[in-house]
J.: 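Mind having a look at this structure? Questions to follow.
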Amino acid sequence: LDVVIGPDNTGGAFFVRWTTVIRGGGDPNNPNVRRKTQNIIFKNTPQSGVFRGAGSGDLLRGEPYIWARITDQTMTVYIMKIGESGGYNMQSYARTLSAFGMDLVFKRIRDGEPVRQASAKLTKR
């Protein structure tokens, strides 16, 4: 996992860019490995501590809606999508500053049911 958070120079408040290494499929002793990078610019909203992801779309057209919330030392990024059948998927990435870097808790739910959860500790470079 790799996370970069910084000020945005294009009129947004800040950006979050993260890369996840995904291992799955193939030989269990030598799984297929792929990297997924996401870069989201967040803009201020009238709500204190709540930011809208630039490029958030129309949920009912299958476009993701993205927002972030900052509470104390934790920034949580939410990504929500509605599928063709009307069900929803939501991912949340709670990143909390710690003495050594950042603690991450990832959750994915589908129609209110937990699908996956993972946690990690990231060290500051």
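All residue numbers in this chain count up from 1 along the given sequence. Computed from heavy atoms alone, side chains included, the values below leave out hydrogens, waters and symmetry copies.
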J.: If Ile, Leu, Val, Met, Phe, Trp and Tyr residues are connected whenever their side-chain heavy atoms lie under 4.5 Å apart, and connections chain through other members, are I40 and M90 in the same group?
T.: no
J.: Can a donor-acceptor pair be found, under 3.5 Å and without considering hydrogens, that links the side chain of Y93 to the backbone of M75?
T.: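 Checked: no pair found.
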J.: When you compare the side chain of N44 with that of F51, does any pair of heavy atoms fall below 4.5 Å?
T.: yes
J.: Could you state the interatomic distance from CD1 (I66) to CD1 (I41), rounded to the nearest 0.5 Å?
T.: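 So the gap between those two atoms works out to 11.0 Å.
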J.: Just wondering, do I22 and V33 contact through their side chains at under 4.5 Å, heavy atoms?
T.: no
J.: Compare all side-chain heavy atoms of F15 with those of N39 and state whether any distance is below 4.5 angstrom.
T.: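 Answer yes - side chains close enough.
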J.: Report yes or no: does T96 contribute a side-chain atom to a donor-acceptor pair with the main-chain N or O of T74 at less than 3.5 Å?
T.: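 Answer holds: no.
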J.: What pair of heavy atoms forms the shortest contact from K43 to G12, and how long is it?
T.: CG-CA, 4.0 Å
J.: So if I apply the side chain to side chain donor-acceptor pair (under 3.5 Å) rule between T37 and each of T19, T20, D2, which one comes out positive?
T.: T19
J.: Do you know the tightest heavy-atom contact between S92 and T76?
T.: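 Closest approach of S92 to T76, heavy atoms only: CB-CG2, 4.2 Å.
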J.: Main chain of S56, side chain of R52: is a donor-acceptor contact present, judged purely on distance under 3.5 Å?
T.: yes
J.: Would you say I5 ends up clustered with L97 if hydrophobic residues are merged whenever their side chains have heavy atoms under 4.5 Å apart, either directly or through other cluster members?
T.: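 Yes.
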J.: Going from OG on S98 to CG on L104, what distance comes out if it is rounded to the nearest 0.5 angstrom?
T.: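 Those atoms lie 11.0 Å apart.
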J.: Spell out, yes or no, whether V3 and V105 are grouped together once hydrophobic residues are joined by side-chain heavy atoms under 4.5 Å, including indirect joins.
T.: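 No: no chain of side-chain contacts under 4.5 Å links V3 to V105.
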J.: Does any part of the side chain of Q91, heavy atoms only, come nearer than 4.5 Å to the side chain of F106, both counted from C-beta?
T.: yes
J.: Please work out which of the three classes, parallel, tilted or perpendicular, describes the rings of W67 and Y78, given edges at 30° and 60°.
T.: parallel
J.: Would you say the side chain of Q38 lies within less than 4.5 Å of the side chain of V16, judging by non-hydrogen atoms?
T.: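 Heavy-atom side-chain distance check fails, nothing below 4.5 Å.
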J.: May I ask you to check whether over 12 heavy atoms, not counting those of D58, lie within 6.0 Å of atom CG?
T.: yes
J.: Does any part of the side chain of V77, heavy atoms only, come nearer than 4.5 Å to the side chain of W18, both counted from C-beta?
T.: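 Yes, their side chains come closer than 4.5 Å.
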J.: Between F14 and F42, how do the two ring planes meet: parallel, tilted or perpendicular, split at 30° and 60°?
T.: parallel
J.: Measure the shortest side-chain to side-chain distance between N89 and M80 over non-hydrogen atoms and say whether it is less than 4.5 angstrom.
T.: no
J.: Check whether the side chains of D8 and T10 place a donor and an acceptor atom closer than 3.5 Å, and report yes or no.
T.: yes
J.: Flag yes if more than 12 heavy atoms outside D72 fall under 6.0 Å of its CG atom; otherwise flag no.
T.: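 No, the 6.0 Å shell around CG holds no more than 12 heavy atoms from other groups.
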J.: Answer yes if the side chains of Y65 and E63 hold a donor-acceptor pair under 3.5 Å, and no otherwise.
T.: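 No, no side-chain donor-acceptor contact under 3.5 Å.
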J.: Between V115 and I109, is any pair of side-chain heavy atoms under 4.5 Å apart?
T.: no
